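Take a look at the structure below.
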Amino acid sequence: MSKYWKEIVKNIEPYIPGEQPGDKRYIKLNTNENPYPPSPGVIEAIRQGTNENLRLYPDPNCEELRETIAGYFGLSKEEVFVGNGSDEILAFSFLAFFNHGRPVLFPDITYSFYKVYAELFQVDYKLIPIDEEFIIPVEEFYAENNGIIIPNPNAPTGRFLPVDAFIEILKHNADSVVIIDEAYIDFGGESAAVIIKEYPNLLIIQTFSKSRSLAGLRVGFCVGHKDLIEGIRRVKNSFNSYTLDRLAVAGAIEAIRDENYFQETRSKIINTRERVSARLIEMGFNVIPSKANFIFISHPEVYAANLFHGLKNRGVLVRYFKKPRIDNFLRVTIGIDEEMDCFLDIIAESLF
Ligand SMILES: *Cc1c(COP(=O)(O)O)cnc(C)c1O
């Protein structure tokens, strides 16, 4: 605490990311990173980009990257915005679309950054309680509001809502911007990007951090009606002209182009997820059905906190949230098969 801090800085509770330990080599199943390396083409593009042109500013509008993403979704580049990670796009969206006064709605159990942004930007928010099975009650999002954010699949539960549910939410909210945070959509869900043209109030945010193995590069993007995109661009250009550097742009373009590698790695993760989930269910775990690259699990007889510490002592990091309703759950990122076997072995020993 410092007397020089503004009131808002004294009062905010910043987001706490999962540990990135420097002390020893853990099997890291705690921050939903992709266990597979980025496509070799991505590394090569970044290498190629490491040249004397780094003295020049990058393209402030990232035209080529936006065109590449637009092509992938069958959209125009005016319907695409790119940012320094999707967290940045979320922040810009709060500034662009959410007023003071009526609340922004999001689930009570969800990505905790939404609350942090609401507090930082002084936007009222209302938490919509999800049920005991962590299913999002769609009708509760028909309440009066000033904007809606829902991750799909939800984090940290992994639960997926079909596009039809969002169509209902969009129809009941023609006057608000509805944001779907699709950080994990590539692990088995169906993107609502297909309905962008029908709903001018729909914004879909995705990231290269998870399904494209590029958490370290910091690239996210969103797709939506060109007027929404223009709104976000106005905020960005009032904040920082160059949020993406030349190397990030070069790597991201290649990540989209290498479709085969993307398909191969995401299917491997989906297969591993299904195999590990089945094994945990055999061991008596409640495994919430997941369409993400993580699973959310709880055991009726062993406390999650104890499992968390037991795993950590044996070199496996998972995520434990000491928060109401979910403090007996662990969120476990899907790693490669060998890592998951090691995780399962330790779990089996802790139970018996
Ligand atoms: C990981 C994650 C993000 C942020 O990803 P970036 O690395 O900033 O692109 C956004 N939303 C959810 C729900 C996430 O889990």
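Whatever order the structure lists ligands and atoms in, that order sets their numbers, starting from 1. Since the model is a prediction, treat every value here as computed from it, not as a measurement.
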May I ask you to list the atoms of ligand 1 that are less than 4.0 angstrom from any heavy atom of [X]?
X: Arg218; answer: 6 (P), 7 (O), 8 (O)
X: Asp87; answer: 3 (C), 4 (C), 8 (O), 10 (C)
X: Ala183; answer: 2 (C), 11 (N), 12 (C), 14 (C)
X: Ser209; answer: 6 (P), 7 (O), 9 (O)
X: Thr207; answer: 5 (O), 6 (P), 7 (O), 9 (O)
X: Gly85; answer: 8 (O), 9 (O)

So is [X] touching ligand 1 or not, going by heavy atoms under 4.0 Å?
X: Tyr184; value: yes
X: Asn32; value: no
X: Ser86; value: yes

Inset, instruction - Looking only at distances, please establish whether an N/O atom of ligand 1 is found under 3.5 Å from an N/O atom of Tyr114. - result: no
Does [X] reach the side chain of [Y], with side-chain heavy atoms less than 4.5 Å apart?
X: Phe343; Y: Leu280; answer: yes
X: Glu19; Y: Leu317; answer: yes
X: Tyr320; Y: Asn328; answer: no

Legend entry - Distance-only polar pair, side chains of Ser39 and Asp258, donor-acceptor under 3.5 Å: yes
Inset, instruction - May I ask you to check if Arg331 and Phe294 form a cation-pi contact, with NZ or CZ under 6.0 angstrom from the six-membered ring centre and within 45° of the axis? - result: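 Yes - Arg331 lies over the ring of Phe294, closer than 6.0 Å to its centre and within 45° of its axis.
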Inset, instruction - Is it possible for you to check whether Arg233 lies under 6.0 Å from the centre of the six-membered ring of Phe81, through NZ or CZ, and within 45° of that ring's axis? - result: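 So Arg233 doesn't make the cation-pi contact.
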Legend entry - From CD1 (Ile148) to CG (Leu105), nearest 0.5 Å: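 One gets 5.0 Å once the value is rounded to the nearest 0.5 Å.
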Legend entry - Nearest-option assignment for atom 11 (N) of ligand 1, heavy atoms, candidates Thr110, Ile205, Leu214, Asp181: Asp181
Legend entry - Shared hydrophobic cluster, Phe113 / Val9 (ILVMFWY, side-chain heavy atoms < 4.5 Å):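 Yes; Val9 is reachable from Phe113 via cluster members.
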Inset, instruction - Considering heavy atoms of the protein only, find what lies nearest to atom 14 (C) of ligand 1 and give residue, atom and distance to 0.1 Å. - result: Lys210 NZ, 3.0 Å
